[in-house]
Structures are given as structure tokens and as C-alpha cells.
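So the structure is just underneath, and the comments pick up after that.
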Amino acid sequence: MFADNHKISGRQTFRLLAFDLLGAGTLLLPTVLAKTAGRDGIFCIALGVAAALLYLGLLAPLVRDMGEAFPLYLERKLGKACGRVCTAGYVLYFVLLAGYVAYLFADVVIKSLLGEESFWLVLVVLLLLAGYGVWGGIEGRARAYELLFWFLAAPLFAMFVFATDEVQADYWAPVFTQGADRIALGGYCVFVFLGLISLLLFLGGYVEKRAALLRAGKGAVLFCGGVYAALYLILLGIF
């Protein structure tokens, strides 16, 4: 059986982070970029990925210096009072983010699958499932994502391949029709989603090798950036 040692591998970390970065981004980014930068949205994705990699580079010294869980690390570096204030800020941010994502997915389920079903019922079910995942601990979630990764990724890639027959490459041009400010704004929107790579700070206590943790973070950013780009080009080429 699996060891219960509260540790996860670099591969499991990559898959955890990839799911976190893909979740809301694949639903919201195409529409946001289409309104913000039009055909130049692909350059916004490249800019956002570059910014996320730079951000990851800024986090790297913290990751390498951590010898304990991130909240304890903050207390050691900033003192107990300031460390706890910073931790409370992170908690508030992630609670608000989780609330928004829960609302978003409940709304998608209602509109796409269940029609007239109660929104609150769907939301409660989603929250119960999320709570069950948290109760199972980091190792349980890591193993689940490791097993489910290709079951979810393979159909996504297959849809991309099958959709290429409908893509009209002419729809991708002309480019550079938007100003630098619109491309910068679009790049910032991409970075907002990829900026969740900061979650790797909270995984430092579960991954023994810091190099593996940073590689997993970089791999997740590049992988999700590639998925964003493929999805955007396909949707732009069809619609």
C-alpha cells in the first residue's frame, strides 16, 4: 500500500498545480482575452506565461530557504505577529477565491447540465465534495490527481485534435491591431490565473526536494500556458 508519510512526489506536485491553474482559466480566459485584445490574445498568453515564470523565479529563494511549513516559515522570518497577519491574509484571499470558483462551477453545472435544478443544492454538493477532498489530506488528493490526470487530459487533447478540422487559420490575422496597453492588460489577466503558482509555497512542507518542487512549478506554468494558447487559437479559428 501507499506510505502515509505526508510527502508527495514532484510529479504529483506538477499534476496538482496543473489542475489548479487550468480550472477557472480554461473557462474564463478565452472570453476575457477576446474582449481585451482580440486576435492579439495569443501574445497576451505569451506575456502572461513569461510574467509567471519571472514570478516563480522570485519565489525560488523562498522555496529553497524554507525548512518547514510556509506559515511557520513566515513566523520565523517576520515574527509571530507579522507572520500570523500574513497567513491570515493568504487565508482570506484563498477563501474568497474558493468562493468565487465554487460559484462559477455551480453556475456552469446549472446552465450546461442540470437546467432547472437548485443552484444552492449544486453549490452545497460541490462544497461537500471539496471538503471531502480536504479531509482526505494532501497525499490522498495527490494520488487522485495522479491517477485522473491522463483520464482528463487525454480527452481534452483529443478534442483539440478533432477541432483542428474546423479551424480557419485566416481568422488568426491580422495581428498587432491592438495597442500595447491592451496587450499588457491581457497579459496581466493571464498572469492573474497563472499567479496561482504561488500555491507551491504551501507545498514546501510536503515535497522533500526543493529542486523537484520548482521544476514542478515551472512545468505546470508551461503546460497550462500551452493549453491556454491551443484553446485560444482553436476558438479564434472557429468563431
Side-chain angles (χ1 to χ4, degrees), residues 3-10 12-25 28 48-105 123-124 126-142 144-145 184-185 187-221 224:
D4 186 17
N5 57 4
H6 303 290
K7 297 296 181 182
I8 59 177
S9 67
Q12 290 172 330
T13 303
F14 162 75
R15 296 184 180 188
L16 280 170
L17 292 172
F19 276 111
D20 288 332
L21 299 183
L22 284 178
L28 299 178
V49 169
L53 292 175
L54 177 60
Y55 177 51
L56 185 60
L58 295 176
L59 295 180
L62 295 179
V63 173
R64 295 191 183 99
D65 188 46
M66 280 169 36
E68 62 273 277
F70 186 53
L72 296 178
Y73 175 77
L74 289 176
E75 291 184 18
R76 176 165 63 87
K77 287 293 186 179
L78 304 177
K80 281 192 174 182
C82 290
R84 289 175 179 176
V85 168
C86 289
T87 300
Y90 275 108
V91 170
L92 178 62
Y93 167 71
F94 286 120
V95 167
L96 293 174
L97 178 63
Y100 174 68
V101 172
Y103 162 79
L104 177 66
F105 278 92
L123 181 60
V124 168
L126 288 175
L127 292 177
L128 288 174
L129 291 173
Y132 177 74
V134 172
W135 178 75
I138 187 67
E139 289 177 282
R141 294 198 300 277
Y145 281 125
L185 177 60
Y188 173 74
C189 293
V190 176
F191 174 72
V192 166
F193 290 97
L194 293 178
L196 281 174
I197 198 62
S198 61
L199 286 169
L200 64 81
L201 291 172
F202 295 89
L203 296 175
Y206 302 103
V207 181
E208 292 184 357
K209 296 181 179 179
R210 294 294 182 260
L213 180 59
L214 292 171
R215 283 197 303 270
K218 182 177 180 181
V221 169
C224 295

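Closest heavy-atom contact between Leu21 and Phe193: CD2-O, 3.6 Å. Shown here for Ala216 and Gly10, the closest heavy-atom pair between the two residues is CB-O, 3.5 Å. Closest approach of Leu194 and Ala52 over heavy atoms only: CB-CB, 3.7 Å. Contact detail for Ala220 and Ala18: the closest heavy-atom pair is CB-N, 4.0 Å. Contact detail for Leu78 and Cys86: the closest heavy-atom pair is CD1-SG, 3.7 Å. The nearest pair of heavy atoms linking Asp65 to Lys77 is OD2-CE, 3.0 Å.
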(request) Go through the steps to decide whether Leu16 and Leu199 satisfy the test side chain to side chain contact (heavy atoms under 4.5 Å, CB included), and finish with yes or no. (result) CA-CA 10 Å; Leu16 280 170; Leu199 286 169; over 6 Å; no
(request) List the steps, then state whether side chain to side chain contact (heavy atoms under 4.5 Å, CB included) holds for Leu56 with Leu200. (result) CA-CA 9 Å; Leu56 185 60; Leu200 64 81; 3.3 Å; yes
(request) For side chain to side chain contact (heavy atoms under 4.5 Å, CB included), just list the numbers for Leu214 and Arg64, CA-CA rounded to whole Å, side-chain angles, deciding distance to a tenth of an Å, and then say yes or no. (result) CA-CA 9 Å; Leu214 292 171; Arg64 295 191 183 99; 3.7 Å; yes
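Proximity of a side-chain donor or acceptor of Arg210 to a complementary backbone N or O of Ala60 within less than 3.5 Å is not detected.
Counting heavy atoms from C-beta on, the side chains of Leu17 and Leu196 never come closer than 4.5 Å. In this structure, Leu28 and Leu104 have side chains that are in contact, with non-hydrogen atoms separated by less than 4.5 Å. The side-chain heavy atoms of Ser198 and Tyr55, taken from C-beta on, include a pair separated by under 4.5 Å. The shortest side-chain heavy-atom distance between Phe105 and Leu123 does not fall under the 4.5 Å cut-off.
Interatomic distance, Leu72 CG to Phe70 CZ, rounded to the nearest 0.5 Å: 11.0 Å. Going from atom OH of Tyr90 over to atom OH of Tyr93 covers 9.5 Å, rounded to the nearest 0.5 Å. Note that NZ of Lys209 is 12.5 Å distant from OG1 of Thr13, once rounded to the nearest 0.5 Å. Separation of atoms CG (Leu213) and CG (Leu201) is listed at 8.5 Å; rounding is to 0.5 Å. Atom CG of Asp20 and atom SG of Cys224 lie 9.0 Å apart (nearest 0.5 Å). Here the CD atom belonging to Gln12 is positioned 11.0 Å from the CG atom belonging to Leu203, to the nearest 0.5 angstrom.
With a 6.0 Å radius and a threshold of 12 heavy atoms from other residues, nucleotides or ligands, Phe19 has its CZ atom above the threshold.
Ring to ring, Phe202 and Phe94 are close: their centroids are under 6.0 angstrom apart.
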